[in-house]
Amino acid sequence: MTHLGIAAALLVVAVSTASANPAQQVREEQLPALLNEQLRAAELYREGRVDEAFRIFDARRPSLNERLAQLAASSLTRPLKLKVEEGMQGPRPWTQELVRALAALHMEAALRTYERQETVGRFRTEAAAAARLFSALDTPSDYPAEDWSRWIVAIGLTALSDGQLWWASEILAQTCGHSVPLPALLLACGSLHEAIAALPAHILLSQGHQSSTAIPEFGVRSYQDADARRRRHLGMARRYFENAVRLNTGDTEARLRLAWVHFVSGEAHTAAGILETLLNGEPLDRRAAFLVRLFLGRARQDSGDLAGAVALYREALTIAPSAQSAHVALAAALHRQGAVREATAVTRQLFDAPSEPLDPWTSYHYGQFWSIQSLLTTLRSEARR
């Protein structure tokens, strides 16, 4: 079974009960006409007429759409033998391009399910159908076999960037362990576990799971359990980031996050080694240049090198002059050095400085939010070729 096939099977199991509900069944003679409607929706989607495609798509229950997706996927490898109602047209032939478009349409529906905060069950149904269709395309073709994973990354990152950890966990959980080794997916999964590990202990101690913001499996009973859960998620984040670095040794984001996970795990020396390599390597973009200095400053500070930490925090402020995180870090380091007046002056500068539109640290746990729109644009473009 292919990686996509495994992922599809896992998701299909989650919705098998809904699909088997007798009240949701249709007569076999109706299937060819319904399947032809789905094919027309796929054609409209390929033409960029998305609203028209959804008018057809939304006219059917998600569980029925999932069954029709199974038939469309099967038609690529064997002729469909379906009964046809008298006077009705038989099933039209599906092509790889149309199956791809229908898969994308299902993922668009999954994205809408998240954006409207509808049920997880509906999301799983749409994702299961898309996974089945993308799995059918896992044959020699012009397209990579990682499309389903890239769609999941786009939706998962959308949830993570909204701070919706419950949804992000639901979206990414199945895919993280069973899909193709896609660097963007490894980064998203690692970032999710890193964000969960950063939650305050009182949230991890919450016993209530009715809230839409509850994190799955997070009703721990003591601070010791909360700490154990935190360390487990940090370990998972580290493994995902390490695997991302193995796939692409030049991945700055993965190395930066791996360093921070080492630091918060109490391994400041290891973190400093990674960060120093980044600092002395290829030129970094503004966000990475700021965070490398902020993180390395923290590592130096923890090792007792306050002068080195102060120098790095000052450099960070030359990159983002109004960033609150660097001001606070610099003031704290100066205070520990005994330079109380200078620490006070730095704090006052923070109040007088113009507002920083995006302190890189404040958005750190929202994942790779900057990649969402370009990823969605690419996926939609590929489905419309």
Side-chain angles (χ1 to χ4, degrees), residues 2-11 14 107 110-111 114 120 123-124 127-128 130-131 134 144-199 204 213-218 229-265 274 291 363-372 374-376 378-379:
T2 66
H3 290 293
L4 284 173
I6 293 171
L10 288 168
L11 278 170
M107 290 311 296
L111 177 59
Y114 162 71
V120 170
F123 175 87
R124 288 175 177 165
F134 281 128
E146 50 191 35
D147 299 342
W148 182 67
S149 298
R150 289 188 295 153
W151 266 105
I152 291 293
V153 167
I155 303 173
L157 283 179
T158 299
L160 191 56
S161 70
D162 290 340
Q164 295 283 347
L165 296 189
W166 187 89
W167 267 99
S169 183
E170 283 286 345
I171 292 165
L172 291 168
Q174 298 274 10
T175 322
C176 287
H178 300 282
S179 194
V180 293
L182 180 67
L185 175 63
L186 295 172
L187 267 176
C189 293
S191 299
L192 170 64
H193 287 288
E194 188 182 13
I196 293 174
L199 289 171
L204 307 188
T213 59
I215 307 300
E217 305 175 0
F218 261 65
R229 190 66 57 88
R230 173 180 174 274
R231 284 186 276 106
R232 181 169 71 85
H233 281 283
L234 281 175
M236 296 173 75
R238 183 174 63 248
R239 286 192 292 275
Y240 282 121
F241 295 147
E242 286 173 344
N243 288 335
V245 172
R246 288 192 192 99
L247 285 179
N248 181 6
T249 56
D251 191 330
T252 298
E253 178 75 2
R255 293 158 73 195
L256 181 65
R257 288 182 175 272
L258 178 59
W260 185 246
V261 166
H262 277 296
F263 175 77
V264 296
S265 299
I274 299 171
L291 289 174
S363 60
Y364 177 77
H365 286 301
Y366 295 145
Q368 297 73 53
F369 56 89
W370 60 86
S371 67
I372 296 170
S374 61
L375 183 54
L376 288 173
T378 298
L379 288 163

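Residue numbers count from 1 along this sequence.
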Practice task
Drop me the distance from Leu172's CG to Trp167's CH2, to the nearest 0.5 angstrom.
Solution key: 12.0 Å
Practice task
Just do the side-chain contact (heavy atoms from CB on, under 4.5 Å) check on Arg229 and Leu199 with the steps written out, would you?
Solution key: CA-CA 11 Å; Arg229 190 66 57 88; Leu199 289 171; over 6 Å; no
Problem - Donor-acceptor contact below 3.5 Å, side chain Ser161 vs main chain Thr158 - result: yes
Problem - Heavy-atom pair with the smallest gap, counting every atom of Ser371 and Leu157 - result: OG-CD1, 3.6 Å
Exercise for the section: Applying ring-ring contact (aromatic ring centres under 6.0 Å, His included), name anything that partners Phe241, two or more places apart in sequence or on another chain. Expected result: none
Fill in the blank from the handout: Those residues at least two apart in sequence (or on a different chain) that pass side chain to side chain donor-acceptor pair (under 3.5 Å) with Asp251 are none
Completion exercise
Heavy atoms of Ile155 and Met107 approach each other most closely as CD1-CE, 3.5 Å
Exercise for the section: Kindly give the heavy-atom pair with the smallest separation between Ala168 and Gly156, and that separation in Å. Expected result: CB-O, 4.0 Å
Fill in the blank from the handout: Of all heavy-atom pairs linking Phe134 and Asp147, the shortest is CE2-CB, 3.5 Å
Handout entry: Interatomic spacing from CG in Leu256 to CG in Leu291 - rounded to 0.5 Å
Key = 5.5 Å
Problem - Heavy-atom closest pair, residues Arg230 and Ala197 - result: CG-O, 3.3 Å
Practice task
Please assess Trp151 against Leu375 for the test side-chain contact (heavy atoms from CB on, under 4.5 Å), listing each intermediate value before the final yes or no.
Solution key: CA-CA 8 Å; Trp151 266 105; Leu375 183 54; over 6 Å; no
Practice task
Taking the side chain as every heavy atom from C-beta outward, state whether Leu111 and Leu376 have any atom pair closer than 4.5 Å.
Solution key: yes
Distance-only check: which donor-acceptor pairs under 3.5 Å involve side-chain atoms of residues 182-195, not counting sequence neighbours?
| residue | atom | partner | partner atom | Å |
| --- | --- | --- | --- | --- |
| Ser191 | OG | Leu187 | O | 2.8 |
| Ser191 | OG | Gln368 | NE2 | 2.9 |
| His193 | ND1 | His233 | ND1 | 2.9 |
| Glu194 | OE1 | Arg257 | NH1 | 2.8 |
| Glu194 | OE2 | Tyr364 | OH | 2.6 |

Practice task
Go through the structure and list residues passing side chain to side chain donor-acceptor pair (under 3.5 Å) with Asp162, not counting sequence neighbours.
Solution key: Tyr114
Handout entry: CZ on Arg239 to CG on Leu258, rounded to 0.5 Å
Key = 12.5 Å
Exercise for the section: Apply ring-ring contact (aromatic ring centres under 6.0 Å, His included) to His262 and list each qualifying residue two or more places apart in sequence or on a separate chain. Expected result: none
Handout entry: Partners passing side-chain contact (heavy atoms from CB on, under 4.5 Å) against Ser265 (at least two apart in sequence or in another chain)
Key = Leu234, Arg238, Val261, Glu267
Practice task
State, yes or no, whether a side-chain contact exists between Ile196 and Met236 at a heavy-atom distance under 4.5 Å.
Solution key: no
Handout entry: Contacts of Arg231 that satisfy salt bridge (Lys or Arg N to Asp or Glu O under 4.0 Å) - sequence neighbours left out
Key = Asp227
Completion exercise
Interatomic distance, OG1@Thr249 vs CZ@Arg255, rounded to 0.5 Å, equals 7.0 Å
